[in-house]
K.L.:
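This is the structure, below, for whatever I ask next.
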Amino acid sequence: MEIAEPPGWPRTPAEAEAVQDALRPRLDLRGPGPRRPATVAGLDVSYAGDGHDTGAPLAAAAVVLATATLEVVASSVATGTAAFPYVPGLFAFRELPALLDALRGLPAAPDVLVCDGYGLAHPRRFGLACHVGVLTGLPAFGVAKTAFVGEWEPPGERRGDSGPLLLDGAEVGRVLRTRDGVKPVFVSVGHRMDLDTACALTLALTPEYRLPETTRRADRLSRDALR
DNA sequence: GCGACAG
DNA sequence: ATCTTGTCGC
């Protein structure tokens, strides 16, 4: 798929925040999410050695699944190096260059992008899923494995149970149980999506495991590409 | 000021 | 994120 090259990549935290502020006006949080997405792409990045080092070798993967059958219909990998230090809140800049390269390798644009991390549930309300969504123009949301910001209460123990992730009184995400009695995941919208649709899609992508099949496939592909 | 902090 | 042994359970 085609993706316009961003103006430039930041090298310092201050520059990174400036980029976020420049992209923020392009965020589309209106209206419902995609009606009936035929395909969903999972994105993930794996590192060699210490994932904190700048310059660490990495591999980014994009795996497209048919929403109905969860079968892989396309995939792409891109290797590179971490061009930005790991800074909670700015970690999108570490993975973005390689992730966009991986997406460019796809034969066609998927209907939705699922990121391994956060969207609006972010200190500056602009996590990885927001960057990816704005830069590709595609609907995007994030599914994170651990808490980052906001207040929340553990949801019920059954798959499908959920509760709000609140930041300053606003629901910026949802804590969702994808498996009975298993630690919940944190879902938040990135671009051209609504929370209900994002949570419904997350459940559709987790018929067997806690994490979405999309991110599981992308994780395996990126990890394999590293060796 | 101190600690916590997606991957 | 990655580095690792053993262990519990379907």
Side-chain angles (χ1 to χ4, degrees), chain A residues 9-10 13 16-17 19-20 23 42-63 77-102 113-134 140-152 159 165-168 172-176 178-191 193 195 198 202 206-212 214-227:
Chain A
W9 296 109
E17 294 193 351
V19 170
Q20 291 181 328
L23 296 177
L43 307 175
D44 194 25
V45 175
S46 291
Y47 299 84
D50 190 336
H52 281 108
D53 290 339
T54 296
L58 57 76
V63 179
V77 202
T79 56
T81 54
F84 199 86
Y86 172 72
V87 180
L90 298 178
F91 118 91
F93 298 99
R94 273 175 85 66
E95 314 200 331
L96 226 31
L99 284 175
L100 294 181
D101 281 343
L113 300 178
V114 182
C115 297
D116 190 24
Y118 285 95
L120 283 184
H122 175 277
R124 308 187 74 239
R125 307 286 182 102
F126 209 81
L128 175 63
C130 297
H131 296 74
V132 170
V134 166
F141 68 97
V143 177
K145 301 179 288 294
T146 62
F148 185 27
V149 293
E151 304 86 52
W152 55 281
R159 163 179 160 83
L165 210 199
L166 301 157
L167 228 187
D168 298 321
V172 295
R174 203 161 284 161
V175 185
L176 176 67
T178 56
R179 302 295 300 165
D180 290 355
V182 174
K183 183 166 63 164
V185 296
F186 300 77
V187 180
S188 60
V189 161
H191 184 60
M193 285 280 305
L195 244 192
T202 298
T206 52
E208 190 172 4
Y209 300 99
R210 177 173 86 114
L211 298 180
T214 36
T215 64
R216 295 188 71 251
R217 302 308 268 263
D219 176 75
R220 173 176 297 185
L221 181 56
S222 63
R223 202 179 301 259
D224 289 346
L226 226 36
R227 7 192 92 185

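All chains are named by letter (A, B, ...) in the order of the sequence lines, taking the proteins before the strands, and each is independently numbered beginning at 1.
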K.L.:
Salt bridge between A/Asp224 and A/Arg220, side-chain N to carboxylate O under 4.0 Å?
P.N.:
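The answer is no: the pair does not qualify as a salt bridge.
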
K.L.:
For the residue pair A/Thr206 and A/Arg159, confirm or rule out a side-chain donor-acceptor distance under 3.5 Å.
P.N.:
yes

K.L.:
What's A/Leu58 touching, base or sugar-phosphate or nothing? Going by heavy atoms closer than 4.0 Å.
P.N.:
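If one applies the 4.0 Å heavy-atom cut-off, A/Leu58 turns out to touch nothing in the nucleic acid.
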
K.L.:
For the pair made of NE2 in A/His52 and C1' in C/dA1, what is the distance, rounded to whole Å?
P.N.:
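About 7 Å, once rounded to whole Å.
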
K.L.:
Hey, what's the ring geometry for A/Phe148 with A/Tyr118, parallel, tilted or perpendicular (30° and 60° as the breaks)?
P.N.:
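Plane angle between 30° and 60°, so tilted.
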
K.L.:
Are the side chain of A/His122 and the backbone of A/Gly89 linked by a donor-acceptor contact shorter than 3.5 Å?
P.N.:
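Answer holds: yes.
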
K.L.:
Rounded to the nearest Å, what distance is computed from the CG atom of residue A/Leu99 to the C1' atom of nucleotide C/dA1?
P.N.:
13 Å

K.L.:
Backbone N or O of A/Leu120 within a donor-acceptor pair of the A/Arg125 side chain at under 3.5 Å?
P.N.:
no

K.L.:
Mind checking if A/Leu43 touches a base, just sugar-phosphate, or nothing, with heavy atoms under 4.0 Å?
P.N.:
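No contact.
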
K.L.:
Report the distance from atom CZ of A/Arg223 to atom P of B/dG7, rounded to the nearest whole Å.
P.N.:
13 Å

K.L.:
Starting at CG of A/Asp180 and ending at C1' of C/dG9, how long is that distance when rounded to a whole Å?
P.N.:
16 Å

K.L.:
Are side-chain N/O atoms of A/Ser46 and A/Ser222 paired as donor and acceptor at under 3.5 Å?
P.N.:
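The answer is yes; a qualifying pair exists.
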
K.L.:
Nearest-Å distance, CZ (A/Phe148) to P (B/dA6)?
P.N.:
6 Å

K.L.:
Given atom CZ of A/Phe186 and atom P of B/dC5, what is their separation to the nearest angstrom?
P.N.:
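Going from A/Phe186 (CZ) to B/dC5 (P), I get 12 Å.
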
K.L.:
Would you mind classifying the nucleic acid contact of A/Ala48 as base, sugar-phosphate or nothing, using non-hydrogen atoms under 4.0 angstrom?
P.N.:
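The residue A/Ala48 makes no contact with any strand.
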
K.L.:
So if I take every side-chain heavy atom of A/Arg227 and compare against B/dA6, C/dC3, C/dA1, which nucleotide ends up nearest?
P.N.:
C/dC3

K.L.:
Can you tell me if A/Asp53 uses its side chain to pair, donor with acceptor, with the backbone of A/Gly55 under 3.5 Å?
P.N.:
no

K.L.:
Do you know the tightest heavy-atom contact between A/Ala129 and A/Gly142?
P.N.:
CB-N, 3.8 Å

K.L.:
With respect to the side chain of A/Ser46, which nucleotide from C/dT2, B/dA6, B/dG7 is positioned closest?
P.N.:
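Out of C/dT2, B/dA6, B/dG7, the nucleotide with an atom closest to A/Ser46's side chain is C/dT2.
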
K.L.:
Between A/Lys145, A/Arg179, A/Arg210, which is the residue that forms a side-chain contact (heavy atoms from CB on, under 4.5 Å) with A/Val185?
P.N.:
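With A/Val185 as partner, side-chain contact (heavy atoms from CB on, under 4.5 Å) holds for just one option, A/Arg210.
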
K.L.:
Where the side chain of A/Tyr118 is defined as all heavy atoms beyond and including C-beta, which of B/dA6, C/dT2, C/dC3 is the nearest nucleotide?
P.N.:
B/dA6

K.L.:
Using a cut-off of less than 4.0 Å, is there contact between a side-chain N or O of A/Thr146 and OP1 or OP2 of B/dC5?
P.N.:
no

K.L.:
For A/Lys145 and B/dA6, is the shortest distance between a side-chain N/O and OP1 or OP2 below 4.0 Å?
P.N.:
no

K.L.:
Under 4.0 Å, counting only non-hydrogen atoms across every strand here, what does A/Gly49 touch: a base, just sugar-phosphate, or nothing?
P.N.:
sugar-phosphate

K.L.:
Is the phosphate of B/dA6 approached by A/Arg94 (side-chain N or O, under 4.0 Å from OP1 or OP2)?
P.N.:
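So the side-chain polar atoms of A/Arg94 never come under 4.0 Å of the phosphate oxygens OP1 or OP2 of B/dA6.
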
K.L.:
I need the CD-C1' distance between A/Glu95 and C/dT2, as an integer number of Å.
P.N.:
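So the two atoms are 13 Å apart, to the nearest Å.
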
K.L.:
I need the CZ-C1' distance between A/Phe91 and C/dA1, as an integer number of Å.
P.N.:
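One finds 9 Å between C1' of C/dA1 and CZ of A/Phe91, rounded.
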
K.L.:
Do we count A/Tyr86 as stacking onto B/dG7 if the rule is ring centres under 5.5 Å and planes under 30°?
P.N.:
yes

K.L.:
Could you spell out the base pairing of DNA chain B in dot-bracket, with Watson-Crick or G-U pairs whose two distances are under 3.5 Å, [ ] crossing and | to another strand?
P.N.:
.......

K.L.:
State plainly whether the residues A/Asp44 and A/Arg223 are in salt-bridge range, i.e. N to O under 4.0 Å.
P.N.:
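Salt bridge: no.
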
K.L.:
Both atom distances under 3.5 Å, Watson-Crick or G-U wobble: I'd like the secondary structure of DNA chain C as a dot-bracket string, with | for pairs made across strands.
P.N.:
..........

